[in-house]
Number of protein chains: 2
Amino acid sequence: MPRNRCGRHGNSPCSCGMGNIYRFVEPVVLFLLKTKGHAHGYELARDMKDCSLTDAAIDLGGLYRVLQRLEVEALVASEWDTSGSGPARRVYSITSAGEYRLREWVAVIGNMSRSMDAFLRRARASDIEPLPDSPEADVAGSDATAADDRK
Amino acid sequence: MPRNRCGRHGNSPCSCGMGNIYRFVEPVVLFLLKTKGHAHGYELARDMKDCSLTDAAIDLGGLYRVLQRLEVEALVASEWDTSGSGPARRVYSITSAGEYRLREWVAVIGNMSRSMDAFLRRARASDIEPLPDSPEADVAGSDATAADDRK
DNA sequence: CTCTATATATGCAACTTGCATATATAGAGT
DNA sequence: ACTCTATATATGCAAGTTGCATATATAGAG
């Protein structure tokens, strides 16, 4: 069941209900590998918070699976890095097929962004205002308000 | 497997790989019901083409299931319309809970649109250009080109 | 009588997701 | 030694979602 409230963004509507859809994670992974040169999974999970396409928290398990699939598709390549301390890291880099895919993603996301802007303009033209973030949301002791009594 | 090419949009990258995700269909359905007042499923499927958030073709089966779930969640209400010719139509209208949900969606989509714009700016700043639509795409006899030899 | 458009709905295999869990290295603190 | 935490990768699995095919039915056109 899709919910526009996840409880992790105060009481405000968020896109967590969109899920950690790998199709949203994939372009960000490819972008980070392209700009950083190389990175391992755990590192990507942190960097991703700054440029993810949804509000959803990154699921590490899901991220590793995305990376595995990208490697099967030959869009990224990896090798183990056992230097440094701590557990070994699997370090990924983007392939030329991956760079091509990234450019496809930029086109797709550009289209979606335009569709969403058009939708938002229509909504505004029909006086449908976005639900503003609730300021009292971050208060810990916030009971369910009248506006929140949905399942 | 996600693909940025579906074969239904010439040879250009599209968001069909994003799927007919009901989370993208739901806000459009709510918007159309809000602005039209009421509509039946088959009608919504057609109207949706003009303001859908992805390039994906509407799957009628999926749309009817979205409508069923929205009704269970009391975001829409329906009744049969047996007037007029042809098969009976189930006519839907939006409830006040549905209008509230729609405003949540407008907020969520606003956030996503901003995230996507930020992503696109970053990509552009890194000289990652969107893959342009292939002009030869609509030509029927187009063989797989060198750029297209991915599975 | 057949074909097509309209209209709603279900069946199902394959795929995706969120969450829990397993495994292991290493530093900091007690 | 022992515990705790952070780092790091990975899998298991139930529940949910998707795309496509299919079933059903009304009515107009030819």
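Computed from heavy atoms alone, side chains included, the values below leave out hydrogens, waters and symmetry copies. Proteins come first, then strands; the chains are lettered A, B, ... in the order of their sequence lines, and each starts at number 1.
Residue A/R46 places at least one side-chain N or O under 4.0 Å from the OP1 or OP2 atom of D/dA8. In terms of phosphate contacts, A/Y64 brings a side-chain nitrogen or oxygen within less than 4.0 Å of OP1 or OP2 of D/dT9. OP1 or OP2 of C/dT10 sits under 4.0 Å from a side-chain N or O of B/Q68.
B/E79 places its CD atom 17 Å from the P atom of C/dA7, with the value rounded to the nearest Å. Across the protein-nucleic acid pair, B/E73 atom CD and D/dG16 atom P stand 13 Å apart, rounded to whole Å.
Each of A/G84 and A/A57 has a nearest nucleotide on DNA chain C; the 5'-most of these lies closest to A/A57.
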Could you walk me through whether A/E79 and A/R90 pass side-chain contact (heavy atoms from CB on, under 4.5 Å), step by step? CA-CA 6 Å; A/E79 50 184 32; A/R90 190 185 276 279; over 6 Å; no
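Between the base of D/dG19 and the side chain of B/R65 there is a donor-acceptor pair shorter than 3.5 Å.
B/R122 places no side-chain N or O within 3.5 Å of a backbone atom of A/C51 that could act as its donor or acceptor partner. A/S113 contributes no side-chain N or O that, together with a main-chain N or O of B/D117, makes up a donor-acceptor pair within less than 3.5 Å.
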Can you run through DNA chain C from 5' to 3' and write each base as (, ), [, ], | or . depending on how it pairs? Watson-Crick or G-U wobble, both distances under 3.5 Å. ||||||||||||||||||||||||||||||
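Residue A/D59 places its side chain closer to C/dG18 than to any other of C/dG18, C/dA26, D/dA10.
Using a 4.0 Å heavy-atom distance criterion, B/G41 is classed as a sugar-phosphate-only contact.
Following chains of ILVMFWY side-chain contacts shorter than 4.5 Å, one cannot reach A/L60 starting from A/V91, and the two form parts of different hydrophobic clusters.
Residues B/E26 and B/W105 meet the side-chain proximity criterion, which asks for heavy atoms closer than 4.5 Å.
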